[in-house]
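Quick note on labels: first sequence line is chain A, next is B, and so on, each numbered from 1. Just the heavy atoms: all of them, side chains too, but no hydrogens, waters or symmetry mates, feed the values below.
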Amino acid sequence: MNTTTVTIPPLPADWPADETAARAVQDALRTRVVRDEPGPPPGTGHVTGVDVAYDDERDVVAAAVVVLDAASLAVVEEATAVGTVAFPYVPGLLAFRELPAVLAALDALTVDPGLVVCDGYGIAHPRRFGLASHLGVVTGRPTIGVAKNPFTFAHEEPGAARGGTAPLLDGTEEVGAALRTRDGVKPVFVSVGHRVDLARALAHTLHLTPRYRLPETTRKADALCRAALREATA
DNA sequence: GCGACAG
DNA sequence: ATCTTGTCGC
């Protein structure tokens, strides 16, 4: 298994400088989200986890992408990218903080990432364009979002057994689902990113949680980006 | 106007 | 996200 580490390239000249500019970019891209394709079936090809860690004191960011064989969940390849924070954390604008690092790490891969699983939301977003959808549109790849918190959305309690679901609601609109990945454990919040439908996004999430609440993809990416940050900061 | 708010 | 000890359990 091969691990590559790269430096994040300079931001594009047109990278949004403030919240207003960032929202304008979202409005220009949000119409390109594809949510009616079923997407790849679980257990086939590759599944890639993405996560990012920060040291806000030193203004350093580290992203990790970990490619798994979808059938065995064995690590196939991984990459990290380290650089300078691109945007402050603003709820609803997370993609502008995380994307430059994530894209740099993805570019360093030598294999097809397959389905990309993000730590956060897809179309469950105030303008239906969260991190997973943004990453999907920019790369053209199938993506889903699996978040640890319900953000601003409402939901009923899913059934207590693994596999239980409940609609995730923005007012009356269904934007995703709360999904119980382990018996009796707090649910995760799944939404469509790009080129995958919700039923398949849920199936993928269950396939990736044979043992823990969070998908193996995010668990491994989380461990790797933290290690990369420690190394870059040391 | 105020509070809440993925990571 | 990040700051943080001990502790219960497999």
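Residue Ala124(A) is classed as having no contact, given no heavy-atom separation below 4.0 Å to the nucleic acid. Among the protein residues, Tyr121(A) comes within range of the nucleic acid bases, having at least one heavy atom under 4.0 Å from a base atom. Note on Leu168(A): nothing from the nucleic acid sits closer than 4.0 angstrom, heavy atoms only. Residue Gly145(A) is classed as having no contact, given no heavy-atom separation below 4.0 Å to the nucleic acid. Nucleic acid contact class of Asp55(A) (heavy atoms, under 4.0 Å, all strands): none.
A stacked arrangement is assigned to Tyr89(A) and the six-membered base ring of dG7(B), with a centre-to-centre distance below 5.5 Å and an interplanar angle below 30°.
If you measure from atom CZ of Arg58(A) to atom P of dT2(C), you get 14 Å, rounded to the nearest angstrom. Per the geometry, CZ belonging to Phe151(A) stands 10 Å off C1' belonging to dG7(B), to the nearest Å. Remark: P of dG7(B) and NE2 of His134(A) are 18 Å apart, rounded to the nearest angstrom. Residue Leu131(A) contributes atom CG, which lies 13 Å from atom P of dA6(B) at whole-angstrom precision.
Within the structure, every side-chain polar atom (N or O) of Asn149(A) is placed at least 4.0 Å from both OP1 and OP2 of dC5(B). Contact between the side-chain N/O atoms of Lys148(A) and the OP1/OP2 oxygens of dG7(B) is found at a separation under 4.0 Å. Dashed line: the shortest gap from a side-chain N or O of Arg226(A) to OP1 or OP2 of dA1(C) is under 4.0 Å.
Along DNA chain C, the nucleotide nearest Val52(A) and the nucleotide nearest Arg211(A) are compared for position; the residue whose nucleotide lies closer to the 5' end is Val52(A).
Ion pair Asp51(A)/Lys148(A) not flagged as a salt bridge, since none of the NZ, NE, NH1 or NH2 atoms sits closer than 4.0 Å to an Asp/Glu carboxylate oxygen. Salt-bridge annotation for Arg226(A) and Asp222(A): present, with a side-chain N of the basic residue lying under 4.0 Å from a carboxylate O of the acidic one.
If you check the side chains of Arg141(A) and Thr48(A), you find no donor sitting under 3.5 Å from an acceptor.
For the pair Leu206(A) and Arg180(A), the tightest heavy-atom approach, listed with the atom from each and the gap, is CD2-O, 4.1 Å.
The one candidate from Arg128(A), Arg127(A), His134(A) that meets the side-chain hydrogen bond (donor to acceptor under 3.5 Å, both in side chains) condition with Gln26(A) is Arg127(A).
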